Every structure is written in C-alpha cells, then in structure tokens.
Amino acid sequence: MGKGWTAKNACKYTLYEMAVQCVEADIDFIDRVYRERRGHLPVSLREDFCGSAAAAVEFVRRRPQNSAIGLDLDGDVLEWGNKTHRQPLGKDAARVKLLKKNVMEVTRPPVDVEMGMNFSYFIFKKREELKAYFKTAFRSLKPDGIFFLDAYGGSDAQVPQEEKHKKKGFTYIWEQHSYNPIGSDVENRIHFKFRDGTQLRDAFIYEWRLWSLKEISELLQEVGFKRVDIYWEGWDDDAEEGDGNFQIASDAESCPGWVAYVVAEK
Ligand SMILES: C[S@@+](CC[C@H](N)C(=O)[O-])C[C@H]1O[C@@H](n2cnc3c(N)ncnc32)[C@H](O)[C@@H]1O
C-alpha cells in the first residue's frame, strides 16, 4: 500500500502512527531511565490515552514477563489497535488489556510505569483537572513507580502555521490552527495529503492548553511525586535538528520548537 493511498482508502490510524508516533523510542527511553533509577527493567506498564495501544504492545513484546494495560475513551481506536497490534501477538495478547476507561480512573494492580505520550494530557485545561489526573497516576503506580510524560513548546508553538512532512505515500500536515495568549489555549489539527491530490482534512483535532514545563513539574510535586526531571534533547549541528538523545537538564537555550520528556518518581 502506501503509494496507492487516497483520502478515500487510507486508514487515518495507520497514517497517524506513521506520521506521529515512535513507540520504540518511547519504550527505549522508559527502559533506560527506569533501569538507571531502579537497577532493573520495568515489568508492568499503564499506557494512558493509548489510542491503538502501540506502546503497550511494544512494551509487552520486549520481555516475556512484561504486561500492560491501555486506557482510552474511544472504542473505535481501541478496536483497531486490538486487531492491528494486540491480536497479532498470539497467546501473548493475554498480557495486554485494553480498557475503555477514563484516565482519571485509578487502576489495579499498581504498575511500575505509567506513560502518557504525544501531549495527550494537554486536554486537561484547568489546573485542578490536571492535578486530579496526576493524582490518579500517583495512585496507580507501585510505591517505587515512575510516571513518564512528554511536552512540547517554544516560541513557534504559539504561532498559527502549517508544517508539512513528506512520508511514504502521503504528506503529513501539522496545523497550529489557533493560540490564545490569555488562556494558553491552542487548537492543533492533523491533515493528510495524498499523491492523487486528495486530502483527509481534520483527521484529528486537538483542543489543548499549552502547559509550561514549570507548571507541569510543580503540579506533579504537589500530588506527591518526590522527584521530577526534565529530559532535554541534544542538538545535531549537521542535521540541524534534535539528535534524539534526551538527558536531564535544568537550563536550556530558548529555541523556537522543542519536545521534552517529563519523568516523575514516586
Ligand atoms: C493524541 S491521541 C494519543 C494517541 C497515542 N497514545 C499517542 O501517543 O500518539 C489522544 C487519545 O486520548 C484519548 N482520550 C482523550 N481524553 C481521554 C480521557 N479522559 N481518558 C482516556 N482517553 C482519553 C482520545 O480518545 C485519543 O485516542
């Protein structure tokens, strides 16, 4: 497929995964940091806002003792993830549970790692809502559990604009549709364009609050996480882009666009 994709026949979930996600890199990062902190690898994971649960399945694929749960409110994407990622695991599919649940629900048994990627928690626009979500994460983790999030920002994040990226068989368009400097509200949209000229407009629409790293860190500490670190990405001078190597930082240069990991330890 790929070459023959059009707005009519393409699957928006496949396109999203190809354009946006890199679950291997996320799980590599989680394994690395967890082992550095705890001296061994994690065996249980909760993926919040899991969508197709690609990360939960990747985690389970890594080691035979691993298990994962994924939480999402959208039954359609959960079903697509079940067919596309979970069922192909065969008998190991039993180690992945997909739950049509709100991430605001505490889950049992407690897990080593909870993750929420691709800025999904920016959906919580009020301080009290985000704090309640972080509290849920705290309660769903084991006493030595670690919570992993990502965040994005930079001066460009506040500018309505479109960014186009060529992918195999389609173009991925990230549209920053609006930014409200008073409420810090952003609306971002994802569109896909195909070789035949057709477009899948508004495949995904996100109405978020653009939270700062400082606000996120403070809220995590307020709910009880005893250590919160920001992992900042290194810079590749030749490629003129981030090098994919994330290290703990407390100072960073102002830059137009950044993505960082947030790691909160119980
Ligand atoms: C940006 S997508 C994230 C997909 C994928 N996990 C990733 O990292 O790219 C956000 C997902 O969050 C889900 N969602 C939004 N609010 C939720 C909530 N309160 N509880 C559970 N899932 C929620 C949506 O249904 C959607 O699938």
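For reference, positions follow the sequence shown, starting with 1. Just so it is clear, the structure is predicted and the values come from calculations on it, not from any experiment. Scope of the values below: all heavy atoms of this structure, side chains included, with no hydrogens, waters or symmetry mates. Just follow the structure's listing: the first ligand is 1, and inside any ligand the first atom is 1.
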Protein residues having a heavy atom less than 4.0 Å from any atom of ligand 1: Tyr16, Gln21, Glu47, Phe49, Cys50, Gly51, Asp72, Leu73, Asp74, Lys101, Asn102, Val103, Met117, Asn118, Ser120, Ile123, Tyr206

Residues Glu162, Lys193: salt bridge by 4.0 Å N-O rule: no

Which donor-acceptor pairs under 3.5 Å do the side chains of residues 132-147 make with protein atoms, sequence neighbours left out?
from	atom 1	to	atom 2	distance (Å)
Tyr133	OH	Asp48	OD2	2.7
Thr136	OG1	Met104	O	3.2
Thr136	OG1	Ala132	O	2.9
Ser140	OG	Arg46	NH1	3.1
Ser140	OG	Thr107	N	3.2
Ser140	OG	Thr136	O	2.9
Lys142	NZ	Asp112	OD1	2.9

Aromatic plane relationship, Trp174 with Tyr152 - under 30° parallel, 30 to 60° tilted, over 60° perpendicular: perpendicular

pair Val77-Tyr13: side-chain heavy atoms closer than 4.5 Å: yes

Residues Arg38, Glu265: salt bridge by 4.0 Å N-O rule: yes

Phe204 and Tyr16 aromatic centres sub-6.0 Å: yes

